[in-house]
Amino acid sequence: MTLRLYDTLTKQKRTLEELPGFNRNNVRMYVCGPTVYDYAHIGNARPVIVFDVLYRLLRHLYGAEHVTYVRNITDIDDKINARAAEVAAAKGMTVEAARAEITAATAKQYDEDVAALGCLPPTHAPRATQYVPRMIAMIEALVASGHAYAADGHVLYDVSSKPDYGKLARRTLDEMIAGARVEVAPYKKNQMDFVLWKPSDALTPGWDSPWGRGRPGWHVECSAMGAALLGETFDIHGGGIDLMFPHHENEIAQSESAHRGHPLARVWMHNGFLQVEGEKMSKSLGNFVTIRDLLRGWRDQAWSGSVLRLAMLKTHYRQPINWSLRTLDESKRELSSWLAPIERFRICEEFDPNCSTTVPNKDVVSALSDDLGTPETITVLHSLHRAASRGDRQAARSLGRSLFFLGLLKPELVSAYKQGVSASGDVTDQELLENFALAEQLKTALLNNDEEFKTQLEQALEKRNLKAAYHQGAVILEPLQIGQVHKGDEIREAIEARNAARKAKDFKKSDRIRDELLAKGIVLKDNADGTTTWEVKR
RNA sequence: GGCCACGUGGCGGAGUGGUGACGCAACGGUCUGCAAAACCGUGUACCCCGGUUCAAUUCCGGGCGUGGCCUCCA
């Protein structure tokens, strides 16, 4: 299987294995991670999910031990500093302590959010603060080679020192200057020169350097971390399309200049933007949605991380995506329909919940190998589902494995199946997903010591005849003990009474029972095998 | 103002120079006492105007619309 990926730098699909220097025993990917000063929003979720799928594909193609994935955490940043100054003043602590507190808490939240979306942890998640000496060394090298200059406490990259500056954004220096709308700092030689190092005052976190106490510029953080963990040239560099300029352009300039012209990445990948209900997502428009919001409940519904993930993968990663309730709802429907045969054939029992990967269907691999064709992948899943629904156990197995591979079927969900949550016969896949979403929320509540939210969720579970058991940070849902009076028993009794009436051909009575349940929002289904199941009316 | 994407049926969303992916919804059918579910089946879609071509939704040019970048931003 050859992997082809669209390279933003050359504007064409490249076959990874044919690129000079590619080594299948050492495949390296760098993706720009979050700046940790606030909750991650669903726009942030897109690259994380997209590149997680790529990471999984690379592990499958080349072996997990041969793939290194770095996703950094930016914990040096002026937005963070601004917030740190506020917190420091309010709590009477140093700015450095405040900065550390804010970034640690936000990074933890980020990890939880991303895990809920079914993403594997990257091989390395370096923090900028751990690499300041590397950054200083890189800046010194740039000054020494004439690509950078110190001025007025700052160190700036000299864009005129690199003739091909602008090659990623496909803009010449003249075009950039023509379009620029920013005031030019007086110490800059060229208008487009960007900061590698800037001075910090007493109220701003800073590190000692040859140019005085200061802090690195944003772009150099990624260049230094990438080089430290992946070497001068690596295979794939990813991120959102909005980072293409200036961030990635500047990374290229710095890294290539510091590394004797060696290219930074063999392939540059950029995911498209996300809108909410057709509008740009912004706090001022009031349509700003964080990952956390969605997992806790959005538009009066709890959404499982798997549903969000599927909704994100329905659109090809380079296309713009419109985030809407309708798409989420459809994703939920599709995912639950896929789970039906998996449950019926007890496919999950074949999986090892501790195994992070499993062998997917070959058509899935083939679709993904053509520039991450997730829409085509979903088509494959549908056709497997169709075959499985017709009774093809092999197809059900392949579907299950593929969903597992794609991160759409999580080990925890497998555990839930194994725990028999769905085996009682009166829980549908639809509900199972909802239960699972509750379990995920519960996990979040636990991690945040949010007792109120936890109690609220436990009550919601109780209404569904479930209770939560906690084992080493994992949440496992278990059916309530038999003997307790709960809704499920009432429904079961009603179903039994109705089936008795049906047997006696007293359809008037049986229909009345069904109507009574319907009035309570319970829909009955008489299955082909003679059993009767119920679900909550949609 | 400069640069760049995108515009496909009721909805989501692929793809292609010439027999209408795929899903959701809708409609018809099969099955079951009836429903529901499940299964089977059903669609004269490619923003507008020119051009190239035997043939364009697909290529080229122009227009309109939406969005992004040029400033922190996934």
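Chain letters run A, B, ... following the sequence lines, proteins first, then strands; residues in each count from 1.
Side-chain atoms of A:M135 and A:E221, non-hydrogen and from C-beta on, do get closer than 4.5 Å to each other. Side-chain contact between A:F273 and A:I241 is present, with at least one heavy-atom pair separated by less than 4.5 Å.
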Q: Apply side chain to side chain donor-acceptor pair (under 3.5 Å) to A:T123 and A:T68, showing your working.
A: CA-CA 6 Å; A:T123 322; A:T68 309; 5.1 Å; no
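In summary, the side chains of A:D329 and A:T327 do not present any donor paired with an acceptor at a separation below 3.5 Å, with no hydrogens or angles considered.
Within residues 380-391 of chain A, the residues that place at least one heavy atom under 4.0 Å from RNA chain B are, in residue-number order, A:H382, A:R386, A:S389, A:R390.
A donor-acceptor contact under 3.5 angstrom links the side-chain atoms of A:R514 to the base of B:C34. Side-chain atoms of A:E330 come within donor-acceptor range of the base of B:G23, with a qualifying N/O pair under 3.5 Å. Counting distance only, with no hydrogens placed and no angle test, the side-chain atoms of A:N322 and the base atoms of B:G12 include no donor-acceptor pair under 3.5 Å.
Of the candidates B:C6, B:G12, B:A14, B:G12 carries the atom nearest the A:T327 side chain, counting heavy atoms from C-beta on. Taking only side-chain atoms of A:F273, from C-beta outward, the nucleotide of B:G12, B:G68, B:C24 with the closest atom is B:G68.
The distance from atom CZ of A:R333 to atom P of B:A38 is 11 Å, rounded to the nearest whole Å. Following rounding to the nearest Å, A:H270 (NE2) and B:C6 (P) show an atom-to-atom distance of 16 Å. Between the P atom of B:A38 and the CG atom of A:L339 lies a distance of 14 Å, rounded to the nearest Å. The interatomic distance linking A:W323 (CH2) with B:C11 (P) rounds to 20 Å, in whole Å.
With A:D511 as the partner, the salt bridge (Lys or Arg N to Asp or Glu O under 4.0 Å) test is satisfied by one option alone out of A:R514, A:K508, A:K509: A:R514.
Relative to the ring axis of A:Y6, A:R318 places its NZ or CZ within 45° and under 6.0 Å from the centre.
A:K11 has a side-chain polar atom (N or O) that falls below the 4.0 Å cut-off from OP1 or OP2 of B:A5.
Look at B:C6: its Watson-Crick or wobble partner, with both distances under 3.5 angstrom, is B:G65.
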